[in-house]
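Inspection log for the structure reproduced underneath, given as structure tokens.
Just so we're on the same page: letters track the sequence lines, and every chain starts at 1. What you see is a predicted model; the values in this text were computed from it and never measured.
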Number of protein chains: 2
Amino acid sequence: MEKYLEILKGSKLFANVAEPEMISMLACLGSRERQYNEGEFVFRRGDRVDSVSVLAEGGLIVQSDDYWGNRSIITSVGVGELFGVGYLAGEAIMNDVVAAEDSTVISFDAKRVLTVCPSACPRHAQVVRNLVFALSEANLRLVTKLGHIQKRTTREKLMSYLSLMAKKTGSSTFTIPFNRQQLADFLSVDRSAMSAELCRMRDDGLLRFNRNSFTLMESGRA
Amino acid sequence: MEKYLEILKGSKLFANVAEPEMISMLACLGSRERQYNEGEFVFRRGDRVDSVSVLAEGGLIVQSDDYWGNRSIITSVGVGELFGVGYLAGEAIMNDVVAAEDSTVISFDAKRVLTVCPSACPRHAQVVRNLVFALSEANLRLVTKLGHIQKRTTREKLMSYLSLMAKKTGSSTFTIPFNRQQLADFLSVDRSAMSAELCRMRDDGLLRFNRNSFTLMESGRA
DNA sequence: CGCCTTTCGTTGTAAATACAACAGACTTTC
DNA sequence: GAAAGTCTGTTGTATTTACAACGAAAGGCG
């Protein structure tokens, strides 16, 4: 566990909690550490989640395959981020969470995080507040994704996603954390159709790209 | 404010908080009450939200119009539900919140809810926990909606939404809280195309409907 | 290097959707 | 109860997308 103190310190869950206090809370919160190999399932649809989990190493994909095998990528999870916190109210989880690479997950007993000893652990209340903020951000991510997907055409979806990425990185040139198939799954469109549309957008002078590196052109908004 | 005590008592925010304690907290949390007429904006895109709001009367729609005027309905808000809680982390709100009918909103100062006097107000910690659960549920709603929208065809989107409604109400006959245009906006499809698809589904024996009352047929899953 | 696997672009066709326009049913209002 | 307005269903056309299939390029590995 000590290995990951730095990461935990930088995670949303322990924002504004000093290291000594954090360490004293780790035991109190029932923390557990577990490794996952690439491709392994962290959660499966139908599981009940009774923990608050932080990714300490690696990368995760939150996805969902429907009855006919169409895969939808809900979101990706990076180091230091919380996940699975959308199901604390007791509902069964609706998506699979899969390790995109070898990963380490640190999880905390949800009941202890939420209900035990806010006085005994001096900064416990802060952790609960952090949880509120983390959930709030998760909400924002989902709404943002909805904003992309609700666009009517593939080109609009791509523009919506790519222009947000440019805004987030503060540069018109950036790389995305998806390959073509994953991007298509994320935007909920067909890969080959999306690939073709990307090329048309390039030919129309909207952008340039190479693999997962993109550059948006001034001409913009078509 | 007293008018709405019953509703507040039944709201997610004050679950497991006895009425006397709740009343003593109302002032402490900086509660405000405000009326909105049908069509009036409760929040506009770009607003900063520094409050936790509960709908006491009426009904709200969370929606977003894009640059070209296409409207997307994110969700509807019923009496007793929290809204706007996805933006506590400080980001600007991305959607408009509009009163679908004459409505009353009670809001609480977010900073006080999150940071003040967890000891002075005996059940303050419970309210913060409730907020976590409410956010968790909001997350779930969004993920559920994503599940509908990510379906590739209009028929699949309709089946996804309607079968969930049947499951939620526990009956194969139920009414939905949307008219056709709103349902189309919610599922992010064209209204007339959706209307036509609904009729084809009826002709295929999948369901029956009249206005916003639907009945799913045994034959199911096409 | 050569083989194998994965990823990406390309194309043609069938299917699905958006859009526009209109008619009928139902509501509201005066 | 007539008029105006709203909601829903219907149809035809142009556009967009999904699907399948394939070849080329890139990366991994013995």
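In this structure, A:Leu183 places its CG atom 14 Å from P of C:dT7, rounding to the nearest Å. In this structure, CZ of B:Arg208 is placed 19 Å from C1' of D:dT8, rounded to the nearest angstrom. Taking atom CG on A:Leu198 and atom P on C:dT11, their separation rounds to 15 Å, with Å as the unit. Going from atom CD of B:Gln181 over to atom P of D:dG9 covers 12 Å, rounded to whole Å. At whole-Å resolution of the value, CZ in A:Arg152 and C1' in D:dA14 are 17 Å apart. For A:Glu197 and D:dA18, the CD to P distance is 11 Å, given to the nearest whole Å. Counting to the nearest Å, the C1' atom of C:dT7 and the CD1 atom of A:Ile176 are 13 Å from each other. Remark: C1' of D:dG9 and CZ of B:Arg202 are 8 Å apart, rounded to the nearest angstrom.
Here the two rings, on A:Phe174 and A:Phe209, have centers that are 6.0 Å apart or farther.
Applying the 4.0 Å criterion to OP1 and OP2 of D:dT17, one finds that A:Thr154 has a side-chain N or O inside that range. Considering only side-chain N and O atoms, B:Arg180 lies nowhere under 4.0 angstrom from the phosphate OP1 or OP2 of D:dC7.
Using cut-offs of 30° and 60° for the angle between ring planes, the B:Phe178 and B:Tyr161 rings count as tilted.
Residues in residues 81-101 of chain B take part in these side-chain hydrogen bond (donor to acceptor under 3.5 Å, both in side chains) pairs, two or more places apart or across chains: B:Tyr87-B:Asn95.
Put simply, the side chain of A:Thr153 gets close to the backbone of A:Glu156: a donor and an acceptor are under 3.5 Å apart. Counting only distance, with no hydrogens or angles, the side chain of B:Ser136 and the backbone of A:Val85 share a donor-acceptor pair below 3.5 Å. At least one donor-acceptor pair under 3.5 Å links the side chain of B:Glu40 to the backbone N or O of B:Asn37. Side-chain atoms of A:Thr144 come within 3.5 Å of backbone N or O of A:Leu140 as a donor-acceptor pair.
In this structure, a donor-acceptor pair under 3.5 Å is present between the side chains of A:Thr215 and A:Thr173. For the residue pair B:Thr104 and B:Gln35, a side-chain donor N or O sits within less than 3.5 Å of a side-chain acceptor on the partner. Checking A:Ser188 against B:Gln150 by side-chain atom types alone, no donor-acceptor pair falls below 3.5 Å.
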Tabulated below should be each protein N or O lying under 3.5 Å from an N or O of nucleotides 20-22 of chain C; please produce it.
{"unit_1": "C:dA20", "atom_1": "N6", "unit_2": "B:Ser192", "atom_2": "OG", "d": "3.2"}

Please list each protein N or O that sits under 3.5 Å from an N or O in nucleotides 25-28 of chain D, with the distance.
{"unit_1": "D:dA26", "atom_1": "O4'", "unit_2": "A:Arg211", "atom_2": "NH2", "d": "3.2"}

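Scanning for side chain to side chain contact (heavy atoms under 4.5 Å, CB included) contacts around A:Lys157 gives A:Lys151, A:Leu187, A:Val189, with sequence neighbours left out.
Over its length, the helix from C:dC1-D:dG30 to C:dC30-D:dG1 turns its helix axis by 50°, as judged from the five terminal pairs at each end, rounded to 10°.
Geometrically, A:Lys145 engages A:Phe186 in a cation-pi contact, judged by NZ or CZ lying under 6.0 Å from the ring centre and within 45° of the ring axis.
Ion pairing between A:Asp204 and A:Arg155 holds under the 4.0 Å rule for side-chain N and carboxylate O.
The 5' end of DNA chain D is approached more closely, in terms of each residue's nearest nucleotide, by B:Phe178 than by the other of B:Ala196 and B:Phe178.
Contacts of B:Phe209 with the nucleic acid, taken as non-hydrogen atoms under 4.0 Å apart, involve only primed sugar atoms and P, OP1 or OP2. Counting non-hydrogen atoms under 4.0 angstrom, A:Ser195 reaches a base of the nucleic acid.
Heavy-atom distances under 4.0 Å link DNA chain C to no residue of residues 95-103 of chain B.
Scanning both residues, A:Val54 and A:Ser11, for their nearest heavy atoms gives CG1-CB, 4.0 Å.
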